[in-house]
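Quick notes on the structure that follows.
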Amino acid sequence: MKSLARPKLRLCMPNPEWEGIAKHAIIPALKKTGGESLVNIVYKEKVKNGTTFLTHIHHRQTPVRIMERKCSAGVVWYTEAYFHDKIAHHPISIVSVPAKDNKVVAYTAGLMRNAPNPEAAKDFMKFMVGSTAQNLYKRYGFMAP
């Protein structure tokens, strides 16, 4: 993650003003790796000098900007990079963040008390904890539900 501070490296980074991944995952990971200094370089200095582009929809803009050679690197969900690299075979490479520097993000699912279709909700939850969903999540790089 420290290499993101390289002066000439053109980055696509999620905008912390409206993209939760920036606030809740990327900035904490940057702080963990290089302190407030790294956050300031990536999100202030490089934005000011034009070497960090702040996205509106990071998981869509970042891969496209990399393929258009407008950015050299960017931070997206692993599954997004996996899709472009391994499934669609786009000219993108995955660079994984070491586990010690990374931030794990979890999603939550639950039954709504007043679900419009309670049986469908129960079926969905049953599916999510079943072996099919477990295997699908694992296959595409997610943690199992």
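Fair warning: this is a prediction, and the values are worked out from it, not measured in the lab.
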Problem - Heavy atoms of other groups near E68 CD, more than 12 under 6.0 Å - result: yes
Practice task
Any chance you could measure I21, atom CD1, to M13, atom CE, to the nearest 0.5 Å?
Solution key: 9.0 Å
Exercise for the section: For V42 and T52, work out which heavy atoms get closest and say how close. Expected result: O-OG1, 3.1 Å
Handout entry: Heavy atoms from other residues, nucleotides or ligands near NZ of K44 exceed 12 (cutoff 6.0 Å)
Key = no
Practice task
List in chain and number order the residues that pass side chain to side chain donor-acceptor pair (under 3.5 Å) with H84, two or more places apart in sequence or in another chain; answer none if no residue qualifies.
Solution key: E80, H90
Handout entry: K46-T51 side chain donor-acceptor pair, cut-off 3.5 Å
Key = yes
Handout entry: Six-ring centre of F53, R10 cation under 6.0 angstrom, axis tolerance 45°
Key = no
Practice task
Rounded to the nearest 0.5 Å, what's the gap from CE on M128 to CG on D123? Could you check?
Solution key: 13.5 Å
Exercise for the section: May I ask you to test the E19-T55 pair for a side-chain heavy-atom distance under 4.5 Å? Expected result: yes
Exercise for the section: Answer yes or no: is there an ion pair linking K48 with E45, defined by an N-O contact shorter than 4.0 Å? Expected result: no
Practice task
Check Y78 against S96 and note the closest heavy-atom contact, atom names and distance.
Solution key: CE1-OG, 4.3 Å
Completion exercise
The side chain to side chain donor-acceptor pair (under 3.5 Å) partners of K138 (sequence neighbours excluded) come to none
Exercise for the section: Check side chain to side chain donor-acceptor pair (under 3.5 Å) between N117 and all other residues, then give those that pass, not counting sequence neighbours. Expected result: none
Problem - Ring centers of W77, H59 separated by less than 6.0 Å - result: no
